[in-house]
Protein chains: 2
Amino acid sequence: MATKTAAQQRQLAKAEFDAYLAQCPSRRLLDRVSDKWVTLIICALRDGELRFSELARQIAGVSQKMLTQTLRTLERDGLVARRVTASVPVRVDYSLTPLGSSLLGPIELMKDWAEQHMPDVDAARAEYDARG
Amino acid sequence: MATKTAAQQRQLAKAEFDAYLAQCPSRRLLDRVSDKWVTLIICALRDGELRFSELARQIAGVSQKMLTQTLRTLERDGLVARRVTASVPVRVDYSLTPLGSSLLGPIELMKDWAEQHMPDVDAARAEYDARG
DNA sequence: CAGAATCCCTTCAGATACTG
DNA sequence: CAGTATCTGAAGGGATTCTG
């Protein structure tokens, strides 16, 4: 049939909206930063270069797979620099690029909000749960 | 055996780290905000109250399930207020609480960073992909 | 209108084993 | 040391159906 069904209309609207979201700079930044390990890695690198194994130790909960994967995307996005020293065994150091460092500011501000207001969130949650 | 295996040691370290992360205010805020729909809802409510259906229309890509679910957690966390008008049919309005409004600031700053620096990220990504 | 409940599929992430 | 590759269980989220 020529006309679209309601379901097809919705599909279309969703596809368009998803495309819009994929473009939206804010959305994309959030998708980056919201990754569980991204901010931890960036904060870990705040004071300078770290080796792969040092990062793994400092971010205790991360699996080797996730650490590698996250570092790759951060490198791809130009937030983290990877420096390989061809020795035996190999040595790899990671550090923040200037672009990556510039993210420390916004992250800091989020942190400030969190420290100021998370108690309020906790209180609200407790009250909500108490009322059922 | 009495001593712990290396695997058990790692499990323990991970459990402790996860517990630490669950407490960390910054981490918890990120977990909230990082939700795909949270910021969209908060921004949609920036100019005042909206009905459920109005929200659904404005945030074109959201499913009814996700909208409901997200609104519930936002209400529970004290970021959004839910006002029910007992008419036929029922009318429900959502609005930002003062706490929710206070999140607009940090979100705005993230947005500013995104608009300033996402082109750099795109450039870095393009170069990375070009080099293979 | 606003939402609850169900089913189902895709994606994510951890554990494990192997390599230069 | 710093990865890569594969398998698998758990979780997220969409479509659909039903209700006050």
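Numbers restart at 1 for each chain; the letters A, B, ... are given by sequence-line order, proteins then strands.
Rounded to whole Å, the distance from CZ on A:Arg57 to C1' on D:dA2 is 13 Å. Note: CD1 (A:Ile59) to C1' (C:dG14) measures 17 Å, nearest angstrom. As a whole-Å value, the separation of B:Asp93 CG from C:dA2 P is 8 Å.
The nearest pair of heavy atoms linking B:Leu96 to B:Ile42 is CD1-O, 3.8 Å.
In this structure B:Phe17 satisfies the ring pair (Phe, Tyr, Trp, His ring centres under 6.0 Å) test together with B:Tyr20, sequence neighbours excluded. Under the rule for a salt bridge (Lys or Arg N to Asp or Glu O under 4.0 Å), A:Arg51 has no partner lying at least two apart in sequence or in another chain. In terms of the side chain to side chain contact (heavy atoms under 4.5 Å, CB included) criterion, residue partners of B:Ser95 (sequence neighbours excluded) are, by chain and number, B:Glu49, B:Ala81. Applying the salt bridge (Lys or Arg N to Asp or Glu O under 4.0 Å) rule to B:Arg82 yields no partners; only residues at least two apart in sequence or on another chain are considered. Scanning for side chain to side chain donor-acceptor pair (under 3.5 Å) contacts around B:Thr39 gives A:Arg27, with sequence neighbours left out. A:Asp47 pairs by the side chain to side chain contact (heavy atoms under 4.5 Å, CB included) definition with nothing, not counting sequence neighbours.
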Mind listing the N/O atom pairs, protein and nucleotides 5-13 of chain C, below 3.5 Å?
| unit_1 | atom_1 | unit_2 | atom_2 | d |
| --- | --- | --- | --- | --- |
| C:dA13 | N7 | A:Lys65 | NZ | 3.3 |

Please enumerate all protein N or O atoms sitting under 3.5 Å from an N or O of nucleotides 18-20 of chain D, with distances to 0.1 Å.
none

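Of the residues in residues 20-31 of chain B, none has a non-hydrogen atom less than 4.0 angstrom from any atom of DNA chain D. Near-neighbour residues of DNA chain D inside residues 73-82 of chain A, defined by a heavy atom below 4.0 Å, number-ordered: A:Arg82.
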Could you list the donor-acceptor pairs under 3.5 angstrom formed by side chains in residues 106-121 of chain A, with sequence neighbours left out?
| unit_1 | atom_1 | unit_2 | atom_2 | d |
| --- | --- | --- | --- | --- |
| A:Glu108 | OE1 | A:Arg46 | NH1 | 3.4 |
| A:Trp113 | NE1 | B:Ser102 | O | 3.1 |
| A:Trp113 | NE1 | B:Ser102 | OG | 3.1 |

Pairs of donor and acceptor atoms involving the side chains of residues 57-65 of chain B, under 3.5 Å and at least two apart or interchain, shall be tabulated with distances.
| unit_1 | atom_1 | unit_2 | atom_2 | d |
| --- | --- | --- | --- | --- |
| B:Ser63 | OG | B:Met66 | N | 3.2 |
| B:Gln64 | NE2 | B:Thr68 | OG1 | 3.4 |

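With hydrogens and angles ignored, the 3.5 Å screen pairs no side-chain donor or acceptor of A:Thr85 with any backbone N or O of A:Ser87.
From B:Arg76, atom CZ reaches atom CG of B:Leu74 across 11.5 Å, with rounding to the nearest 0.5 Å.
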May I have the step-by-step check of salt bridge (Lys or Arg N to Asp or Glu O under 4.0 Å) for B:Arg28 and A:Asp122, ending in yes or no?
-> CA-CA 11 Å; B:Arg28 291 174 53 210; A:Asp122 287 332; 2.5 Å; yes
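Phosphate contact (OP1/OP2 of D:dA2, side-chain N/O of A:Ser53, threshold under 4.0 Å): present. Side-chain nitrogen and oxygen atoms of B:Tyr94 include none within less than 4.0 Å of the OP1 or OP2 phosphate oxygen of C:dC1. At D:dC1, none of the side-chain N or O atoms of A:Arg51 fall inside 4.0 Å of OP1 or OP2 (strictly under the cut-off).
In this structure, A:Lys14 and A:Arg72 both approach DNA chain D, and ranking their closest nucleotides by distance from the 5' end singles out A:Arg72.
A salt bridge does not link B:Asp129 with B:Arg125: every distance from a Lys NZ or Arg NE/NH1/NH2 to an Asp or Glu carboxylate oxygen is 4.0 Å or more.
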